[in-house]
Structure formats: C-alpha cells, structure tokens
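Have a look at this one before I ask anything.
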There are 2 protein chains.
Amino acid sequence: MAATGGEKPKRDTYRHGDLRNALLEAALELARQGGPEAVVLRAATRQAGVVPNAAYRHFADRDALLHAVSQAAMARVARTMEAEQAAVPPAEDPAAAARARFRAVGTGYLRFAQEEPGLFRTAFHVPGDMTHAAAGTAAGATGKTPFELLGEALDGLVDAGLLAEDRRPGAEFLAWSAVHGLAVLLIDGPLRGLHPTQTHDAGQHVIDMIERGI
Amino acid sequence: MAATGGEKPKRDTYRHGDLRNALLEAALELARQGGPEAVVLRAATRQAGVVPNAAYRHFADRDALLHAVSQAAMARVARTMEAEQAAVPPAEDPAAAARARFRAVGTGYLRFAQEEPGLFRTAFHVPGDMTHAAAGTAAGATGKTPFELLGEALDGLVDAGLLAEDRRPGAEFLAWSAVHGLAVLLIDGPLRGLHPTQTHDAGQHVIDMIERGI
DNA sequence: CGCCCTTGTGTACGATGTCCACATTCAGAG
DNA sequence: CTCTGAATGTGGACATCGTACACAAGGGCG
C-alpha cells in the first residue's frame with residue numbers, strides 16, 4: 001500500500017470534468033511546498049488521478065502549467081496585500097490614512113513572502129518574462145495586481161501631500177526594489193530563520209527607509 | 001558530425017589531470033548562459049570529455065557542483081564591486097571619497113547583474129541556505145565577500161560623518177535589500193530590456209534613495 | 001617490483017517531459 | 001434519435017537526467 005502515493009480520486013467517469021482546475025490546484029500545492037522547481041507535471045496528473053499526457057489537453061507544456069501557477073500565486077500576493085490594507089484601522093487624519101495604506105502594501109507583501117515562501121518564489125519565477133505580473137490573472141479580489149496596488153498607494157501619498165509630485169514617477173520601482181529585496185533576504189538569504197517579531201521589525205525598517213528616501 | 005556536440009578535448013591519458021577544475025569551468029559557462037537550472041552535470045562531463053560518473057569523484061552530487069559554481073559566481077560579484085571601487089577617481093574630500101566608495105559597491109553589484117545575469121542568478125541561487133555568501137570561496141581579489149565590502153563601505157560613511165552611528169546597525173540589510181531588489185527587477189522583472197543608460201539611472205536613483213533613507 | 005588508493009569506465013535504474021497513435025465520450029446536426 | 005466529429009483521456013515509447021554499483025587503469029609509496 002505504501003507504494004501508491006497519496007492520491008485519492010478514483011474516477012468512474014471517463015471524463016474528469018474539471019481537470020484543468022484539478023491540475024492547477026495540485027500544482028499550486030506542489031509549489032506551496034517546494035517552490036517552482038517542485039512543480040512537476042507528472043506529480044500533478046498523479047494527484048488528479050489521470051495519466052501524464054492528459055495534462056497536454058489543458059496546458060501546452062510544463063512551462064504553461066508553471067506559468068498558470070505563477071499567476072495564481074501572484075493573485076494571492078495581491079489578496080494578502082488587500083487584506084493587510086483592509087485591516088488598517090479607520091483613519092481620522094487623511095494623511096495618516098494614506099500613509100497607513102502605503103505601509104500596508106509593503107507589509108502585506110512581506111507577510112506573504114514569509115507565510116508562503118514557496119508560492120512567493122513561484123510567483124516571481126519567470127524565466128524570460130515577468131511583465132505578466134500586471135496581467136489580469138494576477139489580480140486579487142479587487143481586480144488589481146500587486147503593482148497596481150502599490151501604484152495607487154503611492155498616488156495616495158501624493159494626494160495627501162506626503163510625496164512631492166516630481167518624486168512620484170518611477171517611485172514604484174524604488175519601493176518595489178527595497179521590499180522585494182528584503183523578501184528575498186528573509187526567504188533564503190542571510191536573514192532566513194529570523195524570529196517573526198524581528199522579521200516584522202526588519203520589514204518596518206525597510207519601509208521606513210523607503211518613506212524617507214523615496 | 002552534427003550528432004556529436006561541440007566538445008573537443010580528446011584525452012589520451014587515462015587520468016584527466018584537472019577534472020574538478022574542468023568541470024567547474026564548464027559548469028560556470030553553462031550557468032553564464034542559462035542560469036542555475038542550466039547547470040547540468042552530464043553536460044559538464046561531456047564538455048570535459050569524461051563519462052558522467054567521473055564527476056562524482058569530485059562532487060558529491062549535482063547540488064555540490066552547483067554550489068561550487070554559485071561560490072565562484074559570488075566571487076566574481078565581489079571582483080566587479082572591487083573593480084568599480086578601484087575606478088572611482090582619487091578623492092580630495094574624505095567624505096566625498098567615502099560616499100563614492102559606498103556608491104561604487106551598489107553600482108558594481110548592479111553592473112554585474114546586468115552583464116552576467118546567468119551568473120548573478122546562480123550566485124544567489126541556494127535552495128535552503130545562502131549564509132555561504134559570506135564564505136571564503138565567495139571572496140574577491142581582496143579576499144572580501146560582497147557583504148563584507150558593503151559593510152566596510154558603510155563603516156566608511158560613519159567615519160566620514162555621513163551616517164549616524166545609531167543608524168549603522170543593520171544598515172547593510174537595508175542597502176542590500178534595495179539594490180538586490182532592483183537587480184532582480186532589471187534582470188527578469190518589468191525593468192528588463194531597459195536601455196543601458198536608463199538602467200544606470202535607475203541604479204543611481206535607488207542608491208540615492210538608500211543614502212537618503214538609510 | 002608490487003600493492004593499494006585514487007580516478008575514470010560501463011552498465012543499469014527510476015524519474016521526468018513530451019511525442020504519436022488510439023480509445024472513449026459528449027454534443028450538436030440531420 | 002441516431003450519426004458523426006471534436007474534445008478529452010489512455011497507452012506505449014523515447015531521450016535526457018541524476019545517480020548507484022561493480023570493475024578497470026594507473027600513479028605513488030613501500
């Protein structure tokens with residue numbers, strides 16, 4: 001019994017009915033624990049209770065599957081950021097509110113990176129092209145991608161008078177660089193295995209730097 | 001003739017003489033063009049004109065080989081940073097000199113990322129552990145690792161009175177985060193394919209942000 | 001000169017991505 | 001309601017990879 005992995009779904013109908021989705025789900029789970037390189041086509045089909053080749057009816061090749069997983073992971077990043085923003089206490093001062101919303105973007109991003117390192121790495125794994133980070137499939141509940149969320153938060157800073165207009169252009173790349181870099185450091189860099197509280201502090205420090213230096 | 005790849009070295013001696021090095025060299029080239037996933041053990045042995053298993057006399061497994069390549073790549077990062085520092089014109093004002101040396105660290109780092117994306121990605125590819133970035137094998141000509149070079153540059157800023165002492169602790173992680181994040185953006189993020197001059201500007205902007213926000 | 005440890009060889013196995021031909025089924029045209 | 005074609009799964013096969021095990025070659029030290 002130990003020989004047969006842990007896949008359950010014994011189909012009785014010839015058709016699966018929802019293979020594409022099942023494969024995506026299985027692949028997402030693989031990515032969750034093991035990152036992009038753990039997304040192996042045959043494993044996904046196994047989990048879905050189907051023969052390896054069946055996958056080719058729904059994905060051109062392994063890369064296409066991985067790409068779909070990447071998009072899904074990116075969408076989760078967006079959702080985590082949205083959740084973080086939603087959690088910020090209702091603001092009195094509009095400037096304080098704009099600032100809180102901006103910080104929530106970075107905090108959410110970093111939180112996701114720590115909580116789901118496998119998915120995080122998969123989201124940003126794109127050999128050759130990552131422009132798709134702005135694609136529709138990468139959007140969260142509000143229909144916005146992580147980049148769009150960041151952009152809006154920055155606009156909010158400008159509106160609130162916290163960021164000079166002439167500093168606005170290109171600011172997303174400054175902010176994104178810093179936060180993403182820290183995320184990498186935390187996930188598999190020298191800052192790995194930091195205590196959660198220290199991790200949070202590190203994140204706040206980086207965001208402080210961004211606010212000062214942007 | 002087209003069937004046999006492009007490997008030349010027809011050995012006549014049974015012993016290779018310098019296999020470990022040959023493998024490392026071949027693997028480095030593979031990484032240079034194709035990143036970490038392109039480092040395939042069999043390809044390296046093929047290039048070295050030796051049977052696949054021979055590699056196991058010098059590396060425990062593919063991961064060990066990849067690790068060695070990663071270290072070598074990291075050393076090149078260090079050398080590029082050193083070169084960038086060496087190129088800064090002799091300073092009059094000590095403060096300006098410290099500042100220039102600091103900026104050179106970031107600029108060199110970014111330059112390497114653009115010029116050798118494959119090696120750059122390989123240098124920072126470490127599934128599980130990246131603490132080795134501070135290991136001796138990762139050092140450049142002066143025997144210092146990228147992290148150490150950054151640390152020294154920051155110390156220089158403090159000595160020159162450009163950075164408050166109480167801001168010094170942990171500053172390397174702020175700076176590293178920002179620069180590394182930008183490097184990733186430039187290599188396979190939305191900033192990929194930017195014009196070299198724009199690329200340089202982006203780098204300077206990020207370093208500006210660091211100086212202001214650190 | 002002879003022994004043995006190091007280094008390279010041969011053969012083999014399991015896993016993976018992918019191709020091609022075939023089987024099964026669903027859905028719509030008549 | 002039946003027939004038929006387009007979707008969807010299946011089976012079998014192949015090249016490539018990492019790696020294990022047993023064997024061969026040969027260099028260095030007694």
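Quick note: numbers below take in every heavy atom, side chains included, and nothing from hydrogens, waters or symmetry partners. Residue numbers start from 1 in every chain, and the chains themselves are labelled A, B, ... in the order their sequence lines are given, proteins ahead of strands.
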Residue whose nearest DNA chain C nucleotide is more 5′ - D18(B) or R62(A):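 Residue closer to the 5' terminus by nearest nucleotide: D18(B).
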
Output one line per pair: protein atom, nucleotide atom from nucleotides 23-28 of chain D, and distance, for all N/O pairs under 3.5 Å.
| unit_1 | atom_1 | unit_2 | atom_2 | d |
| --- | --- | --- | --- | --- |
| dA24(D) | N3 | Y14(B) | OH | 3.2 |

Listed partners of D18(B) passing side chain to side chain donor-acceptor pair (under 3.5 Å), at least two apart: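 Partners of D18(B) under the side chain to side chain donor-acceptor pair (under 3.5 Å) test: none.
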
Counterpart residues, ring pair (Phe, Tyr, Trp, His ring centres under 6.0 Å), relative to F102(A) (two or more places apart):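 Partners of F102(A) by the ring pair (Phe, Tyr, Trp, His ring centres under 6.0 Å) criterion come out as none, since no residue qualifies.
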
Under the ring pair (Phe, Tyr, Trp, His ring centres under 6.0 Å) test, residues paired with F120(A) that sit two or more places apart: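 F120(A) satisfies ring pair (Phe, Tyr, Trp, His ring centres under 6.0 Å) with Y109(A), F124(A), H180(A) only.
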
Name the nucleic acid region contacted by R42(A), choosing base, sugar-phosphate or nothing; use a 4.0 angstrom heavy-atom cut-off, strictly under.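 Contact class for R42(A): base.
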
E152(B) bridged to K144(B) by N-O distance under 4.0 Å: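 So E152(B) pairs with K144(B) through a salt bridge.
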
Contact boundaries of DNA chain C with chain B (under 4.0 Å, heavy atoms), 5' to 3'?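 Here the contact window of chain B covers dT6(C) to dT11(C).
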
What side chain to side chain donor-acceptor pair (under 3.5 Å) pairs are there with at least one residue in residues 20-29 of chain A, not counting sequence neighbours?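 Residue pairs passing side chain to side chain donor-acceptor pair (under 3.5 Å), neighbours aside: E29(A)-R32(A).
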
Can you name the residues that form a side chain to side chain donor-acceptor pair (under 3.5 Å) with R111(B), not counting sequence neighbours?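 For R111(B), the residues satisfying side chain to side chain donor-acceptor pair (under 3.5 Å) (neighbours in sequence not counted) are E84(B), E115(B).
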
Report the residues that fulfil side chain to side chain donor-acceptor pair (under 3.5 Å) with E82(B), sequence neighbours left out, ordered by chain and then residue number.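 Here the qualifying residues are T142(B).
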
Among residues at least two apart in sequence or on other chains, which ones pass side chain to side chain donor-acceptor pair (under 3.5 Å) with R168(B)?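 Side chain to side chain donor-acceptor pair (under 3.5 Å) check on R168(B) returns D155(B), E172(B).
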
Atom CG of N53(A) and atom P of dA13(D): how far apart are they, to the nearest Å?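 After rounding, the gap between these two atoms is 13 Å.
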
Paired stretches of DNA chain C - 3 or more consecutive Watson-Crick or G-U pairs, each distance under 3.5 Å: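 DNA chain C forms these stems: C:1-30 with D:1-30.
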
List for me each residue that meets side-chain contact (heavy atoms from CB on, under 4.5 Å) alongside R103(A), sequence neighbours excluded, and say none if there are none.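 Testing R103(A) for side-chain contact (heavy atoms from CB on, under 4.5 Å), a comparison that skips the adjacent residues, returns R99(A), Q204(A), I207(A), D208(A), E211(A).
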
What residues form a side-chain contact (heavy atoms from CB on, under 4.5 Å) with A178(A), not counting sequence neighbours?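 If we apply the side-chain contact (heavy atoms from CB on, under 4.5 Å) test to A178(A), skipping adjacent residues, the hits are V206(A), M209(A), I210(A), A178(B), M209(B).
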
